[in-house]
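These notes concern the structure reproduced below.
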There are 2 protein chains.
Amino acid sequence: MKQDRPGKQDRPGKAKGPAEAASKRQSFSKKTAVGIREVAAAAGVSPATVSQVFNHKGEASAATRERVLSVGDRLGYRPNPVGQALRSGRSRVIGVVVSYRESAVWQQTYMPYYQSIIAGAAIEAVDHGYSISAAPSTEDGEIETRLPLDGVIVVDPIPNDPVVEQCMARGLAVVIDGGYSPATDGARMVSVRADVAQGIPTVLDHLWDQHVARAHGNAGNKQGESGGEASDQSGENRPFRPALFTGPRLDSYTTDTTNAYQSWCEMRGLEPIVATLGHDQPPLDAARALLARGPRELNAVHCLNETYCSAATAAAAELGLAIPTDLQISVAGSAYSVGSEERAAYLNLDPVASGALCARSLIELLEGRPVEDHLEPMVLVPARRVDFGA
Amino acid sequence: MKQDRPGKQDRPGKAKGPAEAASKRQSFSKKTAVGIREVAAAAGVSPATVSQVFNHKGEASAATRERVLSVGDRLGYRPNPVGQALRSGRSRVIGVVVSYRESAVWQQTYMPYYQSIIAGAAIEAVDHGYSISAAPSTEDGEIETRLPLDGVIVVDPIPNDPVVEQCMARGLAVVIDGGYSPATDGARMVSVRADVAQGIPTVLDHLWDQHVARAHGNAGNKQGESGGEASDQSGENRPFRPALFTGPRLDSYTTDTTNAYQSWCEMRGLEPIVATLGHDQPPLDAARALLARGPRELNAVHCLNETYCSAATAAAAELGLAIPTDLQISVAGSAYSVGSEERAAYLNLDPVASGALCARSLIELLEGRPVEDHLEPMVLVPARRVDFGA
DNA sequence: CTGAAAGCGCTAACAT
DNA sequence: ATGTTAGCGCTTTCAG
């Protein structure tokens, strides 16, 4: 059917003979990976058909499909993603925006979380033919990457975060991990967050239960009484005095946590004690200051994240406070990771799973399927160990 | 054959006037982001000139350069990286290969390190106009990504790692974090590693010094005596008995550590005690088994990484061993991160810095500049705290 | 159901 | 010094 070689080699236009062109092709194929045209030629079809087959895009006879596929496989054909991207306008790359350049404390606190998000997103993305790129952002919200991103995952943005605003302005699909305000309509945006409003009351009630149980002499490995009822017995020996150890960032996670804590205190008739880390203050300093109040004034503390929890346990050790006898600790974080603090009660968070969920949501969005916001329940994991040597 | 088909060869060049081309261009600009041709038209030059100016590639009069730049800026022109990649054959994307799918224990142990590598590499890469993509790999060494990678960073490969082999077979530039064997010549490969052979003796000598100093009654906050000289005083009260707590992976870091430990023991005339974690054994179990020997048989332990260190401290707590009185602990890891164990001596490792270094090395390699292997010295950070409540 | 044609945005090699 | 030309590898109308 095609008397001489199909494809580009007779493109040269001007004056080239076919033989000449063919040899040029040869010399390419040594260096270049096998392209769609090689496959097409070998299978006796046109490049268009090959493309069509490889993209599952519909109409080809079973025989042709089979042949193309097997030839492609034999030749080791891998569609060049750059060509695809150029032609289709979609790169199948998802950026995870990371704001590494903030303060040292911020880095120490949030970077581990970020990194797990990236890990989870990377795995999930690859399962759908997407890739993850870690994209730092500048202070003014510009995403620094040369990659053409189809969509973006932004972790814990602050209200009116410049990164988010820029993405929306550019029409990029965005998944927010942690929630975002102000809500913008018409934007391709989904949010994935932990249900702090449910988790915080749960853990605080749990701590209270434990406190009361211990006051009654049982060492406190029973749990499960309904939390709300414990309140009337609290005054017995020492009143329950739970604090919140939180941070200076105004992202949704932090503000939601603080609000949930405040309203729980109000509901239970307790006075809130909130320690907010200063902007460049070492967590350990803040923890020392907080716990210096002593076990009479403060006998439980919920920590915003694991960094603060580490600081709290370290400060407790310095001050000779036994956990949980003198001080109960709870924290939102990964209960089952190796470095977890087994004396603390956890509101379990799985950042790797969150990353995967973010990626999945974003991909759904990109492929035009309807996506809902996600609100992940936070599961309570009671403390699994008590202080030794106490 | 080409004359009968007026097909593609009358494409742009031959017969079209510039005006015609320009008007066609216009219709594009409505939908697409501003392209090189818009800028060219607006600045009254050719696309080639614009490209040339934006790529700092040499020859353009100052006036033209100025004009092109300002027009480009005004129009918000951003060169499309896909076009650049397609044309140049280089994507400016670096993959960090991650093998997430291994065992749970492995994940817990190595993932944090991986993630820091990604973070450091991402920052560094962006400063050089590159991007980082997290690329999972399958068991047989296939890198799962749709992105065309210019080069790859592989973290802690095992000997003959299929990922590394495949990359070399494909002619990809590779940076090995942690070292690789067998060495392959002719491959574009660089390795970046910590100088374990220097670090291990340093920390072991340090532990010994501390041991001796404590035996002599000084609580041991002095350090700096030459390590080698301490040996002759060791038999006094209790002999110094340092163990190595290591893992089942056969990467260079692990084998180098084990070798350094063994030869140090030999040199100092001590009997080596090596605990190697089983393939799917929880670190805490292994730590319990090791420390169960009691303080007479074993009074110091060097841990391969921070996961093992956590396990060792937890096991020590369970067994009522005071740190460092009954058991000294040392570990290779990030001494200054928030979660660090202050009772342990650290051989300091900064994985974020390593990631940056890997990226920088790879970029040098990609840009054809000569690159040397890096051997990072490991700095000793003595324990900063002793057990409270002991 | 298949193929030919027309580029996506950019740049290297040649013209001018 | 600047412009022209010819594609990089692929997909996507549009004809057959």
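Letters A, B, ... are given to chains in the order of the sequence lines, protein chains preceding strands, and every chain is numbered from 1.
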Could you give the CZ-to-C1' distance, from A:Phe54 to D:dT12, as a whole number of Å? 18 Å
Scan for ring pair (Phe, Tyr, Trp, His ring centres under 6.0 Å) pairs involving residues 119-138 of chain A, sequence neighbours excluded, and state none if there are none. none
Strand contacts (DNA chain D) in residues 79-91 of chain B, 4.0 angstrom heavy-atom criterion: B:Leu86, B:Arg87
Atom CD of A:Gln52 and atom C1' of C:dG3: how far apart are they, to the nearest Å? 12 Å
Would you mind reading off the distance between B:Glu38 atom CD and C:dC10 atom C1', rounded to a whole angstrom? 13 Å
Run the side-chain contact (heavy atoms from CB on, under 4.5 Å) test against B:Val192 and tell me which residues pass, sequence neighbours left out. B:Val175, B:Asp177, B:Leu357, B:Cys358, B:Ser361, B:His374
Round to a whole Å and report the spacing from CD1 of A:Ile36 to C1' of C:dG7. 15 Å
Check: B:Ile94 main-chain N/O paired with B:Asp150 side-chain donor or acceptor under 3.5 Å: no
Can you sort out the partners of B:Ser131 under side-chain hydrogen bond (donor to acceptor under 3.5 Å, both in side chains), two or more places apart, ordered by chain and number? A:Thr145
Of A:Val50 and B:Val45, the one whose nearest nucleotide on DNA chain D sits closer to the 5' end is B:Val45
Take atom CD in B:Glu372; do more than 12 heavy atoms of anything else shown fall under 6.0 Å from it? no
All side-chain hydrogen bond (donor to acceptor under 3.5 Å, both in side chains) counterparts of B:Glu364, not counting sequence neighbours: B:Arg369
For D:dT11, does OP1 or OP2 lie under 4.0 Å from any side-chain N or O of A:Ser51? yes
If you only use heavy atoms from C-beta on, which nucleotide in D:dT11, D:dC10, D:dG3 is closest to the side chain of B:Ser46? D:dG3
Of C:dC10, D:dT12, D:dT11, the nucleotide closest to the side chain of A:Ala48 is D:dT12
Is the phosphate of D:dT2 approached by B:Thr64 (side-chain N or O, under 4.0 Å from OP1 or OP2)? yes
Give the rounded distance in Å between these two atoms: CZ of A:Arg78 and P of D:dC10. 12 Å
With a cut-off of 3.5 Å and sequence neighbours excluded, list every side-chain donor-acceptor pair involving residues 72-80 of chain B.
residue	atom	partner	partner atom	Å
B:Asn80	OD1	B:Val82	N	2.6
B:Asn80	OD1	B:Gly83	N	3.4

In whole Å, what is the span from the CZ atom of B:Arg37 to the C1' atom of D:dG3? 15 Å
